[in-house]
Amino acid sequence: MHEPAVPRLQSQDPEIAGLVEAEARRQYEKIRLIASENYVSPAVLEATGTVLTNKYSEGYAGKRYYEGQQNVDPIELLAIDRAKELFGVEHANVQPYSGSPANLAVYMAFLEPGDPVMGLSLPMGGHLTHGWSVSATGRWFRPVRYDVRADTGRVDMDQVRDLALKERPKLIWCGGTAIPRTIDFPAFAEIARETGAVLAADIAHIAGLIAGGAHPSPVGHADVITTTTHKTLRGPRGAMIMSTAEHAKAIDKAVFPGLQGGPHNHTTAAIAVALREAAQRDFAGYARQVVANARALAAALLERGYDLISGGTDNHLILIDLTNKGVAGKPAAQALDRAGIELNYNAVPFDPRKPFDPSGLRIGTAAITTRGLTEERMPQIAAWIDEVVQAAAKQDETVVERVAAEVREMLASYPMPGWTPAP
Ligand SMILES: *Cc1c(COP(=O)(O)O)cnc(C)c1O
């Protein structure tokens, strides 16, 4: 049963209700290892389903373009205060619709079209919005890309500095979507200072680890910090931009009226709820456990001969190069999904294969940690992954079916926030 329950959805639109129920069961029965996903709390789910979705609130608290903001203003101010308190920042904007629009707002705030922007290249773990060619950010600005080193799998800070001195980007991004190692915010800050660039830290993936004290914070180093709210931070789909007081006005103007119209007030409320949850003591325990689980899973995969980019992990994320296993990322990911282990195929640094059919797999441990799994379970998960990857190389479906049943049985002892199976 969905929690909160959805009885009217079931009676009035059984088609959608049926698909929601099927999706909930799918989330219940699978080991969810997609690094950008999580399970939000029932309180966050409830906030997203409120009448706040009915209200238009263009502008900011006290300066709106529509009447009737008596309750929306305090909700947005609470979300802002909680973000400021949790991350220790001077300014927070909680209105961006998602991570990509938040990043676009940073360009809007600091750059003119054609200005140079520097970011980690996409196949090396960067994000589309850090200036990749198919993104508006790569077409409307002049992208300069840094890489990771082939031998270490880590960002080469000497290369970043040399490139920044040569190309003089106005904006430098640090952070990304497939970085298994700690981001060196002070080193990026020094390069940005030396070259006169604005430093933006995109902490979409690691915001929950930072809030929980399990990854160093960019505060005091980056000029601007963007984050999604729905990955390790475990809130609704949305985003925030945080900064020093100096950049507050430019950022607020870029989000509205620069890029967006009315904020999604139901999302704002759910962000406030999630930020309150992230300030509780047990959230730090969750963040530590996410990293402990990733380390344990990485160790178990290494023991089975898996080639991990950078040789392991410092955070929630593991990037596997499957080349030595004789199978590509996509068929392996598809077989794993059929076996109840959900993750995504991913390019690895210097990948000789194409982006839609790359050599790697990306794994994250946030969702399984929320579900309550701890280190003791990781060798078993690594064993299942190994069995299915080998089966995928041989196209053996019997293994896949057996593992799916074993996965379902194991997960039945871990309750899922937001849904419980009928007794
Ligand atoms: C997920 C992600 C984004 C984009 O977020 P969306 O909400 O999917 O638009 C931006 N930057 C990084 C580093 C991300 O991981």
Side-chain angles (χ1 to χ4, degrees), residues 32-38 40 44 48 93-109 117-132 134-138 141 143 145-146 148 155 171-185 188 199-211 215 217-218 222 224-242 251 254-255 259-260 263-264 267-268 270-271 274 290 294 313-319 343-344 346-347 349 355 360 362-367:
R32 297 176 58 229
L33 295 174
I34 292 184
S36 49
E37 295 184 353
N38 216 322
V40 300
V44 168
T48 61
N93 185 309
V94 297
Q95 292 192 4
Y97 298 143
S98 212
S100 303
N103 286 355
L104 199 54
V106 173
Y107 290 84
M108 181 87 188
V117 55
M118 192 158 118
L120 180 60
S121 77
L122 184 78
M124 304 277 169
H127 193 260
L128 282 163
T129 55
H130 299 178
W132 196 242
V134 295
S135 156
T137 62
F141 303 92
R145 295 174 191 124
Y146 58 91
V148 297
V155 171
L171 172 67
I172 298 176
W173 287 102
C174 58
T177 57
I179 304 175
R181 293 296 182 176
T182 302
I183 298 163
D184 191 347
F185 297 121
F188 274 102
L199 179 64
D202 182 345
I203 60 168
H205 264 265
I206 53 175
L209 305 184
I210 292 169
H215 187 289
S217 169
V224 196
I225 300 163
T226 64
T227 185
T228 54
T229 46
H230 48 270
K231 299 181 183 175
T232 56
L233 191 55
R234 214 161 64 184
R237 302 198 84 86
M240 309 193 292
I241 307 178
M242 299 178 278
I251 285 161
V255 173
L259 280 171
Q260 298 190 170
H264 295 179
T267 301
T268 306
I271 289 174
V290 168
T313 181
D314 297 328
N315 53 30
H316 65 304
L317 193 143
I318 298 165
L319 194 55
L343 40 67
N344 65 283
N346 212 96
R362 188 184 69 158
I363 287 177
T365 51

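Ligands are counted one by one from 1 in listed order, and the atoms in each one are counted from 1 as well. Hydrogens, waters and symmetry mates are skipped; everything else that's a heavy atom, side chains included, is used. Quantities reported herein were computed from a predicted structural model and do not represent experimental measurements.
Closer than 4.0 angstrom to ligand 1 lie heavy atoms from Ser98, Gly99, Ser100, Asn103, His127, Gly176, Thr177, Asp202, Ala204, His205, Thr228, His230, Lys231.
For Arg181, the salt bridge (charged side-chain N to carboxylate O under 4.0 Å, His left out) partners two or more places apart in sequence, or in a different chain, are Asp314. The ring-ring contact (aromatic ring centres under 6.0 Å, His included) test applied to His215 returns Phe185, not counting sequence neighbours.
Between Tyr107 and Trp173, the two ring planes are tilted [angle within 30° to 60°].
In this structure, Leu199 CG and Cys174 SG are separated by 4.5 Å, a value rounded to the nearest 0.5 Å.
Of all the heavy atoms in Ile203 and Met242, the pair that sits closest is CD1-CE, 4.3 Å.
Screening residues 95-106 for salt bridge (charged side-chain N to carboxylate O under 4.0 Å, His left out), with sequence neighbours left out, gives no hits.
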